[in-house]
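Everything on this sheet refers to the single structure shown next.
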2 protein chains.
Amino acid sequence: MTSLAEVHLNCSTCNLKDLCMPVGLSPVELEQLDELVSVRRKVIKGEVLFNAGDDFSSIYAVRAGTFKTRITTQEGTDQVTGFQMTGEIIGLDGIGNNNHICDAVALEDSEVCVIPYARLDDISQQFRSLQTHFHRIMGREIVKDQNVMLLLGSMRAEQRLAAFLSSLSERQRARGFSGREMVLRMTREEIGSYLGLKIETVSRTLTKLQKDGLIQITQRQLTLLRLDDLKHLATHL
Amino acid sequence: MTSLAEVHLNCSTCNLKDLCMPVGLSPVELEQLDELVSVRRKVIKGEVLFNAGDDFSSIYAVRAGTFKTRITTQEGTDQVTGFQMTGEIIGLDGIGNNNHICDAVALEDSEVCVIPYARLDDISQQFRSLQTHFHRIMGREIVKDQNVMLLLGSMRAEQRLAAFLSSLSERQRARGFSGREMVLRMTREEIGSYLGLKIETVSRTLTKLQKDGLIQITQRQLTLLRLDDLKHLATHL
DNA sequence: CGTGTTATTGAGTAGCATCAATAATTGTGG
DNA sequence: CCACAATTATTGATGCTACTCAATAACACG
């Protein structure tokens, strides 16, 4: 099922260390993290990193590529609960009940660093700053989810898309890109599923944003022409 | 502003210990928890436990009463992000960035146990099972939020209310009540804000559920007449 | 007992969904 | 590498859900 090309490496020399798990850790702590994160795993496009119901054993840091997480309802319909880019953590949903509640799927050929949860617990037991750090990562996940609740509960289609595109832009910028031009790794349907909209509405709304001169979009190739206006739209009605 | 009637007490003798923070802890660990949770605080109806922007110092276990948490947008509109009953934890939103992102407001005269976060970190550093336990509590918060995302992203008004009422019922049952009859502590507007609906829609939908014989509701007094059908409605289209 | 808050109900409407047809793109097997 | 199938995206016409506006009623509080 899943390809298991696993490679041993470490965090302290990783070029993502300013974005990812190691953020803000001292050299000594980094050394501990290196011991913890010793395995990488490739996940090719469309492949699943874990499924809902799987036993929870590890969390994952996206080393390269993009993922989506999705929850499937009892009816079989499913909803995207998030998109994860390099440096972001996947799998925290499993901690609550020792098994995953969502699937994680690669949107392009990707690679993750595997962080065995039991060992993370061990080591953060010994190094308090690592513990604090991990708590913060979980806390940010909670904040992020609550912001999505806000979006889904009270924004209109145009606002939702403006907020979504702004968020993508900011995350790209944090990764050293311009944040002005980017390639969408997800389909319109996946965007819609995440934003609580149908694919036709996503398509129409993107067209409208383009007509209004806020963005330029051709297939997956996106340019944010007036980012300020886009952000304003997302927050001010 | 806030009344600070604080009382010293402990978890090991608390009648909520099967619902609350102590769930599943051994006597030894309970002893540690007692040391941690030594202060209670009363919050009268309408009063605020903490505000968005406040420095994060503690999390809180609801000892008695009911709270809501709400996020305020830049426009000044706000959205309810959760309702907390006895034994449930409030304030985890503060961990991510060391300050709260939501307000917590008492919906009736209430009381919380104050759990200083720094000391929680200290003690879970020493007692691994406490650390694991706390991680699980945070993990469940993430799961809960993602389920709300699902509700907001893909359910219709009737389903949302059915899911909401079912959830209230289950939580009441977990607290030793029948789960059939209960008093709503929140207004229709607060319910609507939580479910992403307007007050008129909440009112109309409750009336419809009553006409269909699923519930009986008079003001805040609610009886679930056919809980199975209600749950079925919440999950099966 | 009066005032402000909360809730209900009706009429009309806006926004998004649905249904449908077509186009563009991607992936696949020969 | 091309042809065909499957997937993804766009656009239009129509319908339905939930919102808005408005009036009234019921209740909570001082």
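All values reported here derive from a predicted model rather than from experimental measurement. Proteins come first, then strands; the chains are lettered A, B, ... in the order of their sequence lines, and each starts at number 1.
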Taken to the nearest whole Å, CG/B/Leu206 to P/C/dT8 is 7 Å
Whole Å only: how far is the CD atom of A/Gln219 from the P atom of C/dA23?
15 Å
What about B/Phe67 and B/Phe83, are their ring centers closer than 6.0 Å?
no
Phosphate OP1/OP2 of D/dT8: any A/Arg188 side-chain N/O under 4.0 Å:
no
Could you tell me the separation between the CZ atom of B/Arg185 and the C1' atom of C/dT6, rounded to a whole number of Å?
16 Å
Interatomic distance, B/Leu184 CG vs C/dT6 P [rounded to whole Å]:
14 Å
Restricting both atoms to N or O, compile the protein contacts to nucleotides 13-17 of chain C shorter than 3.5 Å, with distance only.
{"from": "C/dC16", "atom 1": "OP1", "to": "A/Ala157", "atom 2": "N", "distance (Å)": "2.8"}
{"from": "C/dA17", "atom 1": "OP1", "to": "A/Lys198", "atom 2": "N", "distance (Å)": "3.4"}
{"from": "C/dA17", "atom 1": "OP2", "to": "A/Lys198", "atom 2": "N", "distance (Å)": "3.3"}
{"from": "C/dA17", "atom 1": "OP2", "to": "A/Thr201", "atom 2": "OG1", "distance (Å)": "2.3"}

Candidate list B/Lys68, B/Lys144, B/Arg171, B/Arg140, test salt bridge (Lys or Arg N to Asp or Glu O under 4.0 Å), partner B/Glu88, passing option
B/Arg171
Candidates A/Tyr117, A/Tyr60, A/Phe50 - the one meeting ring pair (Phe, Tyr, Trp, His ring centres under 6.0 Å) with A/His100:
A/Phe50
What is the distance, rounded to the nearest whole Å, between atom CG of A/Leu161 and atom C1' of D/dA9?
14 Å
Atom CG of B/Leu195 to atom C1' of D/dA18: distance rounded to whole Å?
13 Å
Value in whole Å for how far the P atom of D/dT17 lies from CZ of B/Arg160
14 Å
State whether the side chain of A/Asn99 and the backbone N or O of A/Asp54 hold a donor-acceptor pair below 3.5 Å, judged by distance alone.
no
When you get a sec, tell me which of C/dA7, C/dT25, D/dT11 is the closest nucleotide to the side chain of A/Thr207?
D/dT11
Can you check whether B/Lys45 has a side-chain N or O nearer than 4.0 Å to OP1 or OP2 of D/dA28?
no
B/Arg70 side chain vs B/Asp78 backbone, donor-acceptor pair below 3.5 Å:
no
Expressed as a whole number of angstroms, how long is the span from A/Leu222:CG to D/dA9:P?
13 Å
What I want to check is whether the side chains of B/Gln79 and B/Ser193 have a donor and an acceptor closer together than 3.5 Å.
no
Report the residue from B/Leu184, B/Val105, B/Leu107 that forms a side-chain contact (heavy atoms from CB on, under 4.5 Å) with B/Thr66.
B/Leu107
Taking only N and O in the side chain of B/Arg220, is any of them less than 4.0 Å away from OP1 or OP2 of C/dA7?
yes
